[in-house]
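For reference, the structure is listed below as structure tokens.
All residue numbers refer to positions in the sequence shown, counting from 1. Quantities reported herein were computed from a predicted structural model and do not represent experimental measurements.
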Amino acid sequence: MSGEEAPAQQQKSEEQKQETKANEESKPETKQESPPAADAAAAPAATEKAPEEEIFTYRSLVLSGYGGYDKVKLQLKKGMPTLKNGEVLVRVKACGLNFADLLARQGLYDRLPSPPVTPGMECSGVIEALGEEVTGRQVGDKVLVLNRCGMWQEVVAVPASHTFSMPEGMSFEEAAAIPVNYITAYMMLFDFGNLRPNQSVLVHMAAGGVGIAATQLCKTVKDVTVFGTASASKHEAISQGGVTHTIDYRTQDYVSEIRKISPKGLDVILDPLGGSDTHKAFNLLKPMGKLITYGTANMLTGQKKNLLAVAKTWYNQFSTNAGSLIHSNKSVCGFHLGYLDGENELISQVVAKLLELYNQGKIKPRLDSTYHFEQVGDAMRRMQERNNIGKVILLPEPKKEEEKKEEAKSEEGKKEEKKEEAKSEEGKKEEN
């Protein structure tokens, strides 16, 4: 530092000290007088840092993109869902997995918004909060819920009109199994099919959720003959559930098998397959018969979208005209529950009838299996590979530590078995 800079630096330092002192004198007094004895005890607590407000979080399954099972991911969302007028907040206890969810994962279901999005059209749970203008619902009510999407999460905000009170004795798993499958089956059989005593019905995929629902509903009408297609390993189960004639679609031609028993054909056919099977269904109808088509399951042949299967199904899509229908005395109906999401009164009437049948013991969902949200990939695989008999249910609650340990032990056991099998094979080779 030069001799000229030293006095200037010293003067500058003195000016800064004076400025600081002036600023301190201009500030309001923050120090308080000594508090009374009663307040003195609380003083230390006041000086502690206030804890940050806990942020509400909830588990949610999110479709991150189209593709395989790994595209549905478990995420932790932050913030309580906001209730609009007429909505209720439901703490979800169980969710239903449907075939449409498998199609949606591959981008083949047009009622699900584009990813990222939470799938799920049905659930059951307990109402935790009410929005404004909600009537007929109370906090604590147990309800089953039908919605366009977004049900695969721990809490959901839905219109109160999309909720229905659970009957006494119904489990949350049963409640989650009712909306999509049973509403679909009921409206096809009775609103479109006009099912009456002594008629015959073909139920494809008879061991699935809609198939079992349709079979049970058929048995509420006197002397209805039910033909059901399913793999041979499921025949005993669907026979016990009410299917009159079982057909193994993998090894038998269901058309010829039906013709052997009912040469004239059938009165009502429920078609979830699409493509060439819809043509077969139309030709199987009796005069005055009714075909209700409600899906394109033939498109779903693997974990990811199969463009060849999609193209083949659409190429073989059934089409007809008014003149052909007049001459054949047959009717063709199309059903899609996803496009009835605005018909609250109509849906409510159907649910009321279904819950009445449940209370009478005439219908009861068959539960195939339950999976926690962490296991959603396994759940989808089970349904897509046609291994389920009945409804597959998803549970929002986390897996318990005991279950995780048991699962780990099971996996270890499987590994050990494979090692033993490998050793045995090696031993056989050495002997040879």
Check the pair R137 / L130 against side-chain contact (heavy atoms from CB on, under 4.5 Å), numbers first and verdict last. CA-CA 8 Å; R137 292 287 178 267; L130 307 176; 4.3 Å; yes
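- One finds the CD atom of E132 at 5.0 Å from the CG atom of N85 (value rounded to the nearest 0.5 Å).
- The backbone N or O of K77 sits nowhere less than 3.5 Å from a side-chain atom of T57 that would complete a donor-acceptor pair.
- You'll find the side chain of L202 reaches within 4.5 Å of the side chain of T229, heavy atoms only.
- With values rounded to the nearest 0.5 angstrom, K260 atom NZ is found 10.0 Å from I247 atom CD1.
- Across all their heavy atoms, L354 and Y186 have their closest contact at CD2-CD1, 3.9 Å.
- Side-chain contact between T320 and K330 is absent, with no heavy atoms from C-beta onward closer than 4.5 Å.
- Using a cutoff of 4.0 Å between basic side-chain nitrogens and carboxylate oxygens, K353 and E356 are not scored as salt-bridged.
- The backbone N or O of R59 sits less than 3.5 Å from a side-chain atom of E154, completing a donor-acceptor pair.
- Distance CG/N298 to OG/S276: 6.5 Å, rounded to 0.5 Å.
- Remark: the backbone N or O of V392 is not paired with any side-chain donor or acceptor of D368 at under 3.5 angstrom.
- Aromatic ring pairs are classed by plane angle as parallel below 30°, tilted from 30° to 60° and perpendicular above 60°; the pair H336 and Y339 is perpendicular.
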Could you check M166 against S171 for side-chain contact (heavy atoms from CB on, under 4.5 Å), going step by step and ending with a plain yes or no? CA-CA 9 Å; M166 288 170 51; S171 69; over 6 Å; no
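- Residues K142 and K93 fail the side-chain proximity criterion, which asks for heavy atoms closer than 4.5 Å.
- Side-chain atoms of K234 come within 3.5 Å of backbone atoms of R386 as a donor-acceptor pair (strictly under, hydrogens ignored).
- Under the 3.5 Å distance criterion, the side-chain polar atoms of N329 are left unmatched by any main-chain donor or acceptor of M288.
- Heavy-atom neighbours of K312 NZ from other residues, nucleotides or ligands within 6.0 Å: at or below the threshold of 12.
- Atom OG of S64 and atom CG of D70 lie 7.5 Å apart (nearest 0.5 Å).
- Here the shortest heavy-atom pairing between I393 and A176 reads CD1-CB, 4.1 Å.
- At distances below 3.5 Å, at least one donor-acceptor pair connects side-chain atoms of R105 with backbone N or O atoms of G68.
- Annotation: side chain of I238 is not in contact with side chain of V203 (no heavy-atom distance under 4.5 Å).
- With S348 contributing its side chain and N344 its backbone, the two residues share a donor-acceptor pair below 3.5 Å.
- Residues forming a salt bridge (Lys or Arg N to Asp or Glu O under 4.0 Å) with D141 (at least two apart in sequence, or on another chain): none.
- No donor-acceptor contact under 3.5 angstrom links the side chains of Q240 and R366, judged on distance only.
- Of all the heavy atoms in L395 and A94, the pair that sits closest is CD2-CB, 4.2 Å.
- We find the CG-CZ distance between L195 and F190 to be 5.5 Å, quoted to the nearest 0.5 Å.
- With 3.5 Å as the limit, one finds no donor-acceptor pair spanning the side chains of K290 and N194.
- A distance of 7.5 Å separates CD of Q153 from CZ of F373, quoted to the nearest 0.5 Å.
- Closest non-hydrogen pair, G265 versus R259, comes out as N-NH1, 3.6 Å.
- Heavy-atom contacts from other residues, nucleotides or ligands closer than 6.0 Å to CD of Q317 number more than 12.
- Nearest heavy atoms, L83 versus A157: CD2-CB, 3.7 Å.
- With contacts defined as side-chain heavy-atom distances shorter than 4.5 Å, the pair D267/V201 does not qualify.
- No side-chain donor-acceptor contact under 3.5 Å links T163 to the backbone of V145.
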Which is it for Q303 and Y69 under the side-chain contact (heavy atoms from CB on, under 4.5 Å) test, yes or no, and what are the steps along the way? CA-CA 7 Å; Q303 185 179 158; Y69 305 128; 3.3 Å; yes
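- If you check the side chains of S60 and T118, you find a donor sitting under 3.5 Å from an acceptor.
- Between the side chains of D271 and T278, at least one donor N or O sits under 3.5 Å from an acceptor N or O.
- Remark: the backbone N or O of H372 is not paired with any side-chain donor or acceptor of E397 at under 3.5 angstrom.
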What do the steps show when you test L144 against L355 for side-chain contact (heavy atoms from CB on, under 4.5 Å), and what is the final call? CA-CA 11 Å; L144 51 96; L355 296 182; 4.1 Å; yes
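- In this structure, P365 and Y182 have side chains that are in contact, with non-hydrogen atoms separated by less than 4.5 Å.
- Side-chain contact between K305 and V310 is present, with at least one heavy-atom pair separated by less than 4.5 Å.
- A pairwise comparison of heavy atoms in S331 and L285 identifies O-CD1, 4.1 Å as the closest pair.
- Using bins of under 30°, 30° to 60° and over 60° for the plane-to-plane angle, the ring pair F318/F282 lands in the tilted bin.
- A donor-acceptor contact shorter than 3.5 Å is absent between the side chain of W152 and the backbone of E122.
- Counting heavy atoms from C-beta on, the side chains of Q216 and L357 never come closer than 4.5 Å.
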